[in-house]
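See below for the structure under consideration.
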Amino acid sequence: MDKNLDTKYDHLKVEAGKYDYWLKQDSFKADPTSDKPKYSIVIPPPNVTGKLHLGHAWDTSLQDIIVRMKRMQGFETLFLPGMDHAGIATQAKVEERLREDGISRYDLGREKFLEKSWEWKEEYASVIKNQWATLGLSLDYSKERFTLDEGLSNAVKKVFVDLYNKGLIYRGERIINWDPAAKTALSDIEVIHKEVEGAFYHFKYMIEGTSDYLEVATTRPETMFGDVAVAVHPEDNRYQHVVGKNVLLPGNGKPIPVIVDEYVERDFGTGVVKITPAHDPNDFEVGNRHDLARPVCMHLNGTMNELAGKYDGLDRFIARKQLVADLEAAGLVVKVEKHVHSVGHSERTDAVVEPYLSTQWFVKMTEMAQRSVDNQKSDNKVNFVPNRFEHTFLQWMENIHDWCISRQLWWGHQIPAWYHNETGEVYVGADAPADVENWTQDEDVLDTWFSSALWPFSTMDWPNEEADMFKAFFPTSTLVTGYDIIFFWVSRMIFTSLEFTDERPFENVLIHGLVRAADGRKMSKSLGNGVDPMDVVQKYGADSLRYFLTTNSAPGQDLRYNEEKIESTWNFINKIWNASRFTIMNLDGMTAADVNLEGRTFNIADKFILSKLNATIKAVNYNAEKFEFGEVDRYLYSFIWEDFCSWYIEMAKVPMSGVNEEAKTTTRMVLAYTLEAIVKLLHPFMPFVTEEIYGLISGAEASISVSAWPEERTFFEDEHAVANFTLISDIIKSVRNMRAEVEAPMSKAIRMYVDVKTERDLGMLKENAAYLERFCNPSELTLNTGLVLAEETMSAVVTGASVLLPMEGLVNVEAEITRLSAEAKKLEAEVKRGTSKLANEKFVSKAPEKLVEEERAKLIDYEAKLAEVSARLEALKK
RNA sequence: GGAGGAUUAGCUCAGCUGGGAGAGCGCUUGCCUGACUUGCAAGAGGUCGGCGGUUCGAGCCCGUCAUCCUUCACCA
């Protein structure tokens, strides 16, 4: 293998071929019979309706991070891929395609239409799989599932039949949300409510046999052909005299009774409500109470039917317009007010949803919802991250309505119910009745969420509870999804799982937000502000995209797309690339496999970086366990860029340019050891580039994806490590001070020597021969400005006296005085702050002792610094 | 009407159990220093939305107000 890296990180070159390599190695294959502890994540199955968007990329990247980390940490890890048939959404797409050819699904017939739908599915499934590969998701394709697979379909049937037999599924005539475009029923949450400017129409309902009338207001005038009564409140004195009489429907003069019902609010509108049981859920209830008829006045496609008389066949909105105009002409309109109200729209077709009387299948929710709520108080609870989403979930569960699950579609799981051709008897079963020729199966299919509700266990070969998959990987470990589908999906998985397996479907559910466009708005097709993740990958690489997506927000928060940040992520990777390049150039053929740190003599820089590395690994582990990947990023970023690149690599240049071979070997080992740990820690986030670097420095044959996670390892006895850490921190601070004083550029290593001020620092330096090598050769101490340290300055350093560099001609004295004055001012403020804090008796007595001690130490430190700065200032002023 | 979130540097956002405000980008100044100018070094910039409260101590806890956003329900 070529052991050199280009000067520049080329994401396209680095990412090419890696995914195939992983698949070839079977790196992602999970063995359910393994003895190892198990970890499993099922992918939220994307709809086979189209390509993946940035939201998917975010969601799946999070999962892949968790899964790759767990795999490296020694778990038998399953990341299960799969897709959702997405009933109404896919059917709408297929129908749209057919429409372009001028045909409808009815022209084709059910069977042919389903063929077309399967073709569509295959087409988009392959697009999606390519996108998963591009993103580098470590999915086990041998376990791939689709919601319409035979196994999953059997699970669906079993659940339906069992729920029916338990009385938790029923068929009934109810007001449902009707989508006249798709011509199907919808569940409540598939309806999107939008504020629409409509009108409040006030009509005269003439009291039969009089010239008096009741004023009735409505937002949907066309439904009056379904009116069977008008209602007033039983205690509304304004209308007692007309109760029991008839009023005439303005549209056709038909008499209907005036009834009383508590449902009417006296203060709203006119206090008179038209009752249309077949077109309004509240009116339906009123109708039931009063045993009223339930005439339907519209066809399924949203046009008026024969009840509407002359408006028969007209679209409901055209009929509304004409009806109002006609009534206006007839003098039956009191007024028309503008009225902003929310109108339900179909989530998929955007058609205005019509409340419509229809016979449908429902899941009875109260008992299962209650069980889910109770379960959250048990040890089997689902751990929501962030926790606040548990309240969202509970609240929804506590206010839930029955779930309408039948859909008048073809693409989906056909309902396993048959009706007897003669008796009308209902048969529900996984298999068709024996004398099937006498029966007709329900034409409808199930809500697509009915099958996704079973996803965590139906994908694990359930209902075979003895299956290896089920036993090994269910309940799953973590589910990752957006807060927008807690109701649709998360909650339904929870209650079905509890009902059928007595287990939670997943231990944790990590909730993330939405990806927003750069302007803060939702990304949407209509706004044209969407960003294709594949374009981002092309430009910056999947590694950059993944890192950006997963480290730039806190759990549960939305993420604004920000190309500059992706760019800076790219720069970070380039930085890692070049640190690797430096390392490899200096390893002289050594690999991480050759590293043996036992018994080596470490210099201060080695101790520093190894201690820091250990602290970083701990912080990464701690935060990753909490899914705080933004925090993980901050630890990794500063460790890599600051500690490793800016300090360790710079300091490593000293021994590497020296003559002490042992010191060089130690440095090489520490470099290789640290870099290997770095790429492993980063691998879950940026799998491609870390694989590339690992291949060059690890000396290992296998992929980094199956390598062992860096262990927390304390090289030095605790105090020693801490002491070293403090010492190097002091030096770093001294160097920083020096940089501020001397405007000329200098190598960091050299500056470390000239800035030694105390016996302790000096002692430390003497211990570190690699540095002293250069220190003992004053002729090399030529600064870039041409300044050479004089012999007397050298001896001043060695005796530990305070050193003042001869800065004349090197430093702008005026500017330096200004700067030092400012610093002195800051220090004075600090001293003042510390003094007053310690003078506060309450602080001293109530605050933890440790803290008070720290304050005292800090005060002493600041006082010393102030004295020093003042002295320098004085010296400069002379 | 119910529930939840946001408000921190010019911009985009972090800030985990209360103990001296952080990052990236942008900006200023100086540098091609033997991995990296996609870089190096130094720096400026914040009464943490307002007002109360709890506390020795509040960006963080409590109350309240304001602005923005989500979501559920209702809307004859």
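A, B, ... follow the sequence lines: proteins, then strands. Residue 1 opens every chain. Not measured: the values here are computed from a predicted model.
The shortest non-hydrogen separation linking A/His11 to A/Gly541 is CD2-N, 3.3 Å. The two residues A/Asp261 and A/Tyr263 make their nearest non-hydrogen contact at OD1-N, 2.9 Å. When all heavy atoms of A/Phe644 and A/Ile640 are compared, the closest pair comes out as CB-O, 3.4 Å. Nearest heavy-atom pair, A/Arg516 versus A/Met523, reported as atom, atom and distance to 0.1 Å: O-CE, 3.8 Å.
Using Watson-Crick or G-U wobble geometry with both donor-acceptor distances under 3.5 Å, B/C27 finds its partner in B/G43. In this structure, B/A58 forms no base pair with any nucleotide, since neither Watson-Crick nor G-U wobble geometry is met with both distances under 3.5 Å. The base-pairing partner of B/C16, taking Watson-Crick or G-U wobble contacts with both distances under 3.5 Å, does not exist among the strands shown. Nucleotide B/C48 forms a pair with no other nucleotide shown, judged by Watson-Crick or G-U wobble geometry with both contacts under 3.5 Å. Pair check for B/A35 finds none; no Watson-Crick or G-U wobble contact set falls under 3.5 Å. Base pairing analysis places B/U7 opposite B/A66; the two distances defining the Watson-Crick or G-U wobble pair are each below 3.5 Å.
On the C1' atoms, B/A66 is 29 Å away from B/A23, given to the nearest whole Å. Comparing B/G45 with B/U8, their C1' atoms are spaced 13 Å from each other, to the whole Å. The separation of B/G43 from B/U54, taken at their P atoms, amounts to 41 Å, rounded to a whole angstrom. Comparing B/G53 with B/A58, their C1' atoms are spaced 11 Å from each other, to the whole Å. Rounded to a whole angstrom, the distance from the C1' atom of B/C48 to that of B/U29 is 29 Å. Atom name C1', nucleotides B/U55 and B/U7: the rounded distance is 25 Å, in whole Å. Using P as the reference atom, B/C11 and B/G26 are 16 Å apart when rounded to the nearest Å. Remark: the separation of the P atoms in B/C56 and B/G24 is 38 Å, to the nearest Å.
Of the candidate nucleotides B/G19, B/U71, B/A14, B/G19 has the atom nearest to the side chain of A/Pro848. Considering only side-chain atoms of A/Lys826, the nucleotide from B/A44, B/A14, B/U12 that sits closest is B/A44. Side chain of A/Phe843, nearest nucleotide from B/A35, B/G39, B/C56: B/C56. Out of B/A35, B/C25, B/G24, the shortest distance to the side chain of A/Asn578 is found at B/A35. Here the nucleotide nearest the side chain of A/Lys522, chosen from B/U71, B/A35, B/G15, is B/U71. In the set B/G39, B/G24, B/G19, B/G24 carries the atom at the smallest distance from any side-chain atom of A/Lys565. When distances run from any side-chain atom of A/Asn562 to the nucleotides B/A14, B/G19, B/U12, the shortest one goes to B/U12. Checking B/C56, B/C36, B/U71 against every side-chain atom of A/Asn574, the shortest atom distance belongs to B/C36.
For A/Glu563 and A/Lys539, the salt-bridge test passes: some basic side-chain N is under 4.0 Å from an acidic carboxylate O. Between A/Glu853 and A/Arg856 there is a salt bridge, since at least one side-chain N of the basic residue sits less than 4.0 Å from a carboxylate O of the acidic one.
In this entry the distance linking CG of A/Asp188 with P of B/C72 reads 11 Å, nearest Å. As a whole-Å value, the separation of A/Phe644 CZ from B/G39 C1' is 17 Å. Look at CD on A/Glu642: it is 14 Å from P on B/G22, rounded to the nearest Å. In this entry the distance linking CG of A/Asp519 with P of B/C11 reads 16 Å, nearest Å. The CZ atom of A/Arg516 sits 10 Å away from the P atom of B/C69 (whole-angstrom rounding). The distance from atom OH of A/Tyr622 to atom P of B/G15 is 13 Å, rounded to the nearest whole Å. Distance, A/Arg581 CZ to B/U37 C1': 14 Å, rounded to whole Å. With rounding to whole Å, A/Ile640 atom CD1 is found 15 Å from B/C36 atom C1'.
Using a 4.0 Å cut-off on heavy atoms, the residues of residues 385-399 of chain A that approach RNA chain B are A/Arg388, A/Gln395, listed by number.
Nucleic acid contact for A/Val264: base, since at least one base atom lies under 4.0 Å from a heavy atom of the residue. Residue A/Asn840 is classed as a sugar-phosphate contact, given heavy-atom separations below 4.0 Å to backbone atoms only. Across all strands shown, A/Glu854 has no heavy atoms under 4.0 Å from either base or sugar-phosphate atoms. No engagement by A/Ser580 is indicated, since no non-hydrogen atom pair under 4.0 Å with the nucleic acid exists. At a threshold of 4.0 angstrom between heavy atoms, the contacts of A/Leu559 with the nucleic acid are absent. Using a 4.0 Å heavy-atom cutoff across all strands shown, A/Tyr637 reaches sugar-phosphate atoms only and no base atom. Contacts of A/Phe572 with the nucleic acid, taken as non-hydrogen atoms under 4.0 Å apart, are absent. Using a 4.0 Å heavy-atom criterion, one finds that A/Ala217 contacts the sugar-phosphate atoms exclusively. Residue contacts for A/Lys837: at a heavy-atom cut-off of 4.0 Å it reaches no nucleic acid atom on any strand shown. Contacts of A/Arg220 with the nucleic acid, taken as non-hydrogen atoms under 4.0 Å apart, are absent.
A/Asp236 places no side-chain N or O within 3.5 Å of a backbone atom of A/Val232 that could act as its donor or acceptor partner. Put simply, the side chain of A/Asn840 never gets that close to the backbone of A/Ser836: no donor and acceptor are under 3.5 Å apart.
Contact between the side-chain N/O atoms of A/Lys575 and the OP1/OP2 oxygens of B/C40 is found at a separation under 4.0 Å. Under 4.0 angstrom from either OP1 or OP2 of B/A41 there lies at least one side-chain N or O belonging to A/Ser646. Between A/Arg560 and B/C13 there is a side-chain N or O to OP1 or OP2 distance below 4.0 Å. Contact between the side-chain N/O atoms of A/Trp641 and the OP1/OP2 oxygens of B/A35 is not found at any separation under 4.0 Å. Side-chain N/O atoms of A/Asn623 include none lying less than 4.0 angstrom from OP1 or OP2 on B/C16.
Comparing A/Tyr862 and A/Val272, the nucleotide of RNA chain B nearest to each residue sits closer to the 5' end for A/Tyr862. Where A/Val340 and A/Val191 each meet RNA chain B at their nearest nucleotide, the meeting point lying more 5' is that of A/Val191.
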Pair A/Phe393, A/His391 - check ring-ring contact (aromatic ring centres under 6.0 Å, His included), show working.
CA-CA 5 Å; A/Phe393 163 75; A/His391 300 273; over 10 Å; no

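At a cut-off of 3.5 Å, with distance as the only test, no side-chain donor of A/Tyr356 or A/Asn177 sits close to an acceptor on the other residue.
Side-chain contact between A/Val679 and A/Glu692 is absent, with no heavy-atom pair separated by less than 4.5 Å.
Remark: A/Arg546 fails to qualify as a cation-pi partner of A/Trp58 under the 6.0 Å distance and 45° angle criteria applied to the six-membered ring.
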